[in-house]
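Written out below as structure tokens is the structure these notes cover.
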Amino acid sequence: MFCLVLPGCASDAPTTRGQVRGQDFAGAELLQSEGNRIAQNAMRANHRSLLTLADKLYRRNPAEWRKTATTREAALAQVETAMLSGQPWAPLQGRRDVAALSQSLTPDFQGDRVAAFVLACADTIVTAHGGKREFYYLDGVDPQHIYNAARNMEVALWVLNTRRTAQGQLLLLANEIVGENRNLTFEREFGKIIGRLDLLAAYTTERYRRAAISYVQGLLAAPLLAFLPVK
């Protein structure tokens with residue numbers, strides 16, 4: 001069957017700037033719907049984007065990773081471990097999701113601000129998905145919560161670009177426009193996260209709407225599908 005399907009997936013599009021690839025098959029996929037896979041893949045992509053942002057922020061703000069690690073790579077590894085485990089970041093004192101996000105961007109926060117900010121963003125996204133990172137047949141997501149998470153990421157980006165200390169210095173250096181030098185990679189990476197969340201919210205809403213319509217269509221069509229007597 002796979003041999004019959006694969007030729008239909010062949011493409012003559014150029015791949016000089018990269019090639020789209022699917023994941024290898026895993027047995028757990030048999031317990032997942034199409035919607036489950038979309039939600040899970042979006043979650044993983046958003047986590048990758050957040051780790052990319054952490055790396056970029058550490059490069060521009062090396063004083064932050066020096067608060068918890070001896071190298072930038074070691075600090076990134078700590079962030080990734082904490083993100084995948086879902087454990088609260090100790091300097092945030094038990095705060096989660098948006099409360100942690102607010103705390104990470106206060107001028108008086110003394111911990112590794114990059115780690116706190118990125119992990120708070122990750123926790124906000126996970127919370128919006130019902131606290132799950134993997135999704136199976138009985139799992140669903142609330143599209144309004146996902147939509148709200150996208151708006152929270154917009155607010156987080158704005159605060160990141162504008163919040164300053166009492167001395168007028170930015171809490172974290174991120175986007176930069178100085179003369180002809182433009183570094184907007186932070187804006188673009190956040191844009192990817194926001195776009196994925198908005199798309200998932202729209203897809204989930206449409207999926208639920210179509211399910212309701214299909215149910216009504218089934219009720220209306222039932223009399224027309226009744227068997228007729230043949231004798």
Side-chain angles (χ1 to χ4, degrees), residues 9 11 13 15 17-26 28-29 31-58 76 79-86 96-98 100-102 104-105 114-137 139-161 172 174-175 183-211:
C9 299
S11 170
T15 59
R17 299 182 65 178
Q19 185 176 3
V20 61
R21 296 182 181 276
Q23 298 178 358
D24 293 335
F25 173 77
E29 292 184 47
L31 302 177
Q32 294 178 310
S33 66
E34 178 181 307
N36 295 149
R37 292 297 300 170
I38 290 175
Q40 186 163 308
N41 287 340
M43 174 74 75
R44 290 176 177 175
N46 285 334
H47 278 183
R48 288 194 298 271
S49 287
L50 288 172
L51 288 173
T52 297
L53 285 168
D55 187 26
K56 291 178 178 295
L57 286 169
Y58 275 144
L76 276 173
V79 171
E80 184 174 12
T81 299
M83 187 181 297
L84 294 177
S85 68
R96 304 300 297 258
D97 53 79
V98 293
L101 199 50
S102 295
S104 70
L105 294 172
V114 170
F117 175 69
V118 168
L119 290 172
C121 285
D123 196 49
T124 298
I125 292 173
V126 171
T127 300
H129 287 73
K132 295 181 172 63
R133 292 174 176 78
E134 296 182 348
F135 305 90
Y136 298 96
Y137 272 122
D139 297 325
V141 296
D142 185 325
Q144 188 62 48
H145 287 163
I146 304 299
Y147 178 87
N148 291 349
R151 306 290 74 78
N152 285 335
M153 292 301 102
E154 290 176 340
V155 173
L157 176 60
W158 182 83
V159 175
L160 176 67
N161 288 330
L172 288 173
N175 293 309
N183 179 5
L184 299 176
T185 55
F186 299 90
E187 198 88 19
R188 287 197 294 270
E189 205 64 44
F190 258 106
K192 293 177 184 179
I193 296 173
I194 294 165
R196 292 185 195 108
L197 292 170
D198 276 335
L199 182 59
L200 179 60
Y203 167 80
T204 305
T205 299
E206 178 65 13
R207 184 163 167 258
Y208 292 157
R209 189 181 72 87
R210 287 304 308 174

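The side-chain hydrogen bond (donor to acceptor under 3.5 Å, both in side chains) analysis of residues 145-158, with sequence neighbours excluded, yields the pairs Q144-N148, R151-E154, R151-D198. Screening residues 116-125 for salt bridge (charged side-chain N to carboxylate O under 4.0 Å, His left out) gives R96-D123 as the qualifying pairs, with residues at least two apart or on separate chains.
At a threshold of 4.5 Å between non-hydrogen side-chain atoms, the residues V141 and K132 do not count as touching. The shortest distance between side-chain heavy atoms of F186 and N161 does not fall below 4.5 Å. No side-chain heavy atom of L101 sits less than 4.5 Å from a side-chain heavy atom of V159. A 4.5 Å side-chain heavy-atom check between T124 and M153 finds at least one atom pair inside the cut-off. Between Q40 and R37, some side-chain heavy-atom pair lies under the 4.5 Å cut-off.
Every residue two or more places apart in sequence or in another chain that forms a side-chain contact (heavy atoms from CB on, under 4.5 Å) with R196 is listed here: A45, N46, S49, K192, I193. Judged as a side-chain contact (heavy atoms from CB on, under 4.5 Å), and not counting sequence neighbours, the contacts of A82 are W89, L119. Scored by the side-chain contact (heavy atoms from CB on, under 4.5 Å) test, T52 finds K56, E189 as partners (sequence neighbours excluded). With sequence neighbours left out, the side chain to side chain donor-acceptor pair (under 3.5 Å) criterion links D55 to R59, R72. Here L51 pairs with V79, E80, M83 under the side-chain contact (heavy atoms from CB on, under 4.5 Å) rule; sequence neighbours left out.
For the residue pair A54 and L76, the shortest heavy atom distance occurs at CB-CD2, 3.8 Å. The two residues A156 and C121 come nearest to each other via the heavy atoms CB-SG, 4.5 Å.
Interatomic distance, L199 CG to I38 CD1, rounded to the nearest 0.5 Å: 8.0 Å. In this structure, H47 NE2 and L84 CG are separated by 7.5 Å, a value rounded to the nearest 0.5 Å.
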Next on the checklist: Evaluate E134 against H129 for side-chain contact (heavy atoms from CB on, under 4.5 Å), listing each step before the verdict.
Outcome noted: CA-CA 10 Å; E134 296 182 348; H129 287 73; over 6 Å; no

